[in-house]
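In listed order, ligands and their atoms are each counted from 1. Excluded from the calculations below are hydrogen atoms, water molecules and symmetry mates; all remaining heavy atoms, backbone and side chain alike, are included.
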Amino acid sequence: MKEIIPPTRVIGLMSGTSVDGIDTALVEISGGDLDLKVELLAGETYPYPPQLRTKILSICGGEQISMLELATIDDQIATVFAQAAQHIQVGYPPATLIGSHGQTVYHRPTGEENHVPLGYSLQLGRGAVIARLTGITTVSNFRVADIAVGGHGAPLVPRVDAFLLSHLQEVRCIQNIGGIGNVTYLPPRSDGWLDKIMGWDTGPGNSLLDLAVSHFTNGQKTYDQNGAWAASGSPCYPLVKQWLSQDYFYLRPPKSTGRELFGVDYFYQCLRDCNHYDLSIPDVLATVTELTAASIVQSYREFLPQMPQQVLLCGGGGRNLYLKKRLEVLLDSIPVTTTDVMGLSSAFKEAIAFAVLAYWKHLGIPGNLPVATGAQREVVLGETHGL
Ligand SMILES: Nc1ncnc2c1ncn2[C@@H]1O[C@H](COP(=O)(O)OP(=O)(O)OP(=O)(O)O)[C@@H](O)[C@H]1O
Ligand SMILES: CC(=O)N[C@H]1[C@@H]2OC[C@@H](O2)[C@@H](O)[C@@H]1O[C@H](C)C(=O)O
């Protein structure tokens, strides 16, 4: 007889490459993988204290820090993550498990092309500290087990996407647009479908656009709300074509990237290129936005066995209406909506995914998809920290 798994109340904590805040989801999870069910009870993004955000971004940009500073920042991050977990539970019976992604500050993908036999990915915000501060068992450090078996340690969400968002007849792409973009290609859910799923990091999401907005407003604004500023300009297509010729976009999946490539140095190079064309500020923003849209669509045409019938967006970039419109145009009118229309919050999907990965760790269910991360095999992800 099949074991009935009682619903478990789990908190997912995630801060991604935008470093905008801690996406926090309180969810009720039941089932295993094929019968996985998730209900979002509460979701909230708790912004980082501004000084901590500035410090994290500067570390991601290559600032050298001492071991003492590293220890201090690690525990500051764990503390704000623990506070987020405590806040989200107010008014609910306490959760029994936390899945905390932590804050990525460095990601070095594995790959023959860069002679890196083993990847390295560092997420700060120790799970043990979160467990101690909240009194809740915490699973963290999800990427290392995949890396240990030869994977990139990213993207990890495709396996969760597969069980929450695949369809019996339809071919779908789930496109996350955070700081970095990543896609999960989902063929119809039938025999052997799990082996036909694909996933990879598409390149820049909002990282370059956010840097541009911050640059042009002297840090007064951090992002282009609804894409309105970029929409008032026009993309410089010769420049987009030039940028798209970069090696990363031609690398075959599995592949992953981060702010180490599409970060501050890359942005200043983009700015220098824009100056050659004498672009206005709105034109620069439109051109950078176009790179995000065009790199996503080019990668679908290059690497997918067939184009999707529908693209479901998630992550903050899904709220950028100009970016969404450019995606629709470049996709020759393939419908582009968000995962919300499938009943899964586009804003909290990643936080939900890390709650699911913690739950799977608890049940001994693998969390990675070797075809997406390049790992030699499926592995259970995460390290558990008890009280
Ligand atoms: N209303 C909006 N209009 C336009 N862009 C928005 C809006 N809301 C959020 N964003 C963008 O989304 C970003 C945050 O997205 P998200 O939280 O998904 O990123 P992340 O999880 O940090 O990154 P990653 O998925 O790469 O780890 C913001 O930095 C901003 O650029
Ligand atoms: C190392 C790291 O933090 N990678 C993130 C980042 O943000 C988007 C993309 O790059 C993705 O590969 C990954 O996050 C999601 C949650 C993932 O692992 O699926």
**Request:** State whether the number of non-hydrogen atoms from other residues, nucleotides or ligands found under 6.0 Å of His87 atom NE2 is greater than 12.
**Result:**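 Atom NE2 in His87 is not packed in, count stays at 12 or less.
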**Asked** Near Tyr120 OH, under 6.0 Å, is it more than 12 heavy atoms from other residues, nucleotides or ligands?
**Response**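 It does not: Tyr120 OH has 12 such atoms or fewer within range.
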Is the closest side-chain donor-acceptor distance between [X] and [Y] under 3.5 Å?
X	Y	answer
Thr45	Asp23	yes
Asp201	Ser256	no
Glu28	Ser30	no
Thr110	His152	no
Arg132	His385	no
Gln269	Arg272	yes

Protein contact of [atom] - nearest heavy atom, named by residue and atom, plus distance:
atom	result
atom 3 (O) of ligand 2	Thr104 OG1, 2.6 Å
atom 8 (C) of ligand 2	Asn182 OD1, 3.4 Å
atom 1 (C) of ligand 2	His107 ND1, 3.3 Å
atom 17 (C) of ligand 2	Leu156 N, 3.3 Å
atom 6 (C) of ligand 2	Thr17 CG2, 3.8 Å
atom 9 (C) of ligand 2	Asp201 OD1, 3.5 Å

Relative to the heavy atoms of [X], which atoms of ligand 2 are at a distance of less than 4.0 Å?
X	value
Phe354	16 (C)
Ile180	8 (C), 9 (C), 10 (O)
Ser121	1 (C)
Glu350	15 (C), 16 (C)
Ala154	12 (O)

**Message:** Regarding ligand 2, does Val157 bring an N or O atom to under 3.5 Å of one of the ligand's N or O atoms?
**Reply:**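 N/O-N/O distance under 3.5 Å: yes.
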**N-O pairing of Arg252 and Glu302 below 4.0 Å** =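 Salt bridge: no.
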**Prompt:** Do Cys314 and Glu350 touch side chain to side chain, with heavy atoms closer than 4.5 Å?
**Reply:**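 Not touching, per the 4.5 Å side-chain cut-off.
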**Asked** Under a 4.5 Å cut-off applied to non-hydrogen side-chain atoms, are Leu164 and Lys349 in contact?
**Response**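 Leu164 vs Lys349: side chains apart.
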**Asked** Out of Arg159, His101, Arg143, who gets a non-hydrogen atom closest to atom 14 (O) of ligand 2?
**Response**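 It is Arg143 that holds the nearest heavy atom.
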**Item:** Distance (rounded to the nearest 0.5 Å) between Asn141 CG and Ile147 CD1
**Value:**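 Between Asn141 CG and Ile147 CD1, I get 9.0 Å after rounding to 0.5 Å.
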**Prompt:** Is the closest heavy-atom distance from Gly258 to ligand 2 below 4.0 Å?
**Reply:**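 False for this residue.
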**Message:** Looking only at the aromatic ring of each residue, does the gap between the centers of Phe267 and Phe216 stay below 6.0 angstrom?
**Reply:**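 Judged by ring-centre distance (under 6.0 Å), Phe216 and Phe267 do not meet the cut-off.
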**Message:** Students should find this: residues with any non-hydrogen atom under 4.0 Å from ligand 1. What is the answer?
**Reply:**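 Those residues closer than 4.0 Å to ligand 1 by some heavy atom are Met14, Gly16, Thr17, Ser18, Val19, Asp20, Asp23, Asn176, Gly178, Gly179, Ile180, Asn206, Asp210, Tyr223, Asp224, Gln225, Asn226, Gly315, Gly316, Gly317, Arg319, Asn320, Glu350.
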